[in-house]
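This one's a predicted model, so the numbers in the text were calculated from it and none came from an experiment. This chain uses plain numbering: 1 for the first residue, then up along the sequence.
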Amino acid sequence: MANPNLITGSIWRLHHGDQEIARLTVTGADMPWTHAEVETLPGFEEFRPLFSEQDRAVDEEDRDRADACYTQMGLDPGSWTRVMRLVPA
């Protein structure tokens, strides 16, 4: 059964604290990856370099570096400190 939050057109909101800093609209999936269009909102710019670094790491197939970025973002479910949270709209 497919996750209804990952179907094309689903919207996710990226929060830093109480502030929504981006909206992601799912455009497709290639497990384990989900692809989305990102609408940046005020507050996102602070984190743009980290997301750019993660993109480069994924493109270069450097999983350790990509995972380190993911953990820095606080999106790692095993992380004690959650810098950001991603929630379905």
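- Between Ile11 atom CD1 and Glu37 atom CD the span is 10.5 Å, to the nearest 0.5 Å.
- Minimum interatomic distance between Ala57 and Ala66 (heavy atoms only, all atoms of both residues): CB-N, 3.5 Å.
- In this structure, CD1 in Ile21 is found 13.5 Å from CZ in Arg13, a value given to the nearest 0.5 Å.
- The shortest side-chain heavy-atom distance between Thr25 and Glu39 does not fall under the 4.5 Å cut-off.
- At least one side-chain heavy atom of Phe51 sits under 4.5 Å from a side-chain heavy atom of Leu14.
- Looking at residues two or more places apart in sequence or on another chain, you find a salt bridge (charged side-chain N to carboxylate O under 4.0 Å, His left out) between Arg65 and Glu53, Glu60, Asp62.
- Applying the salt bridge (charged side-chain N to carboxylate O under 4.0 Å, His left out) rule to Glu45 yields the partners Arg48; only residues at least two apart in sequence or on another chain are considered.
- Side chains of His16 and Phe44 form no contact here, defined as non-hydrogen atoms less than 4.5 Å apart.
- Trp12 and Leu41 fall into different hydrophobic clusters, where Ile, Leu, Val, Met, Phe, Trp and Tyr residues are linked whenever their side-chain heavy atoms come under 4.5 Å apart, directly or through other members.
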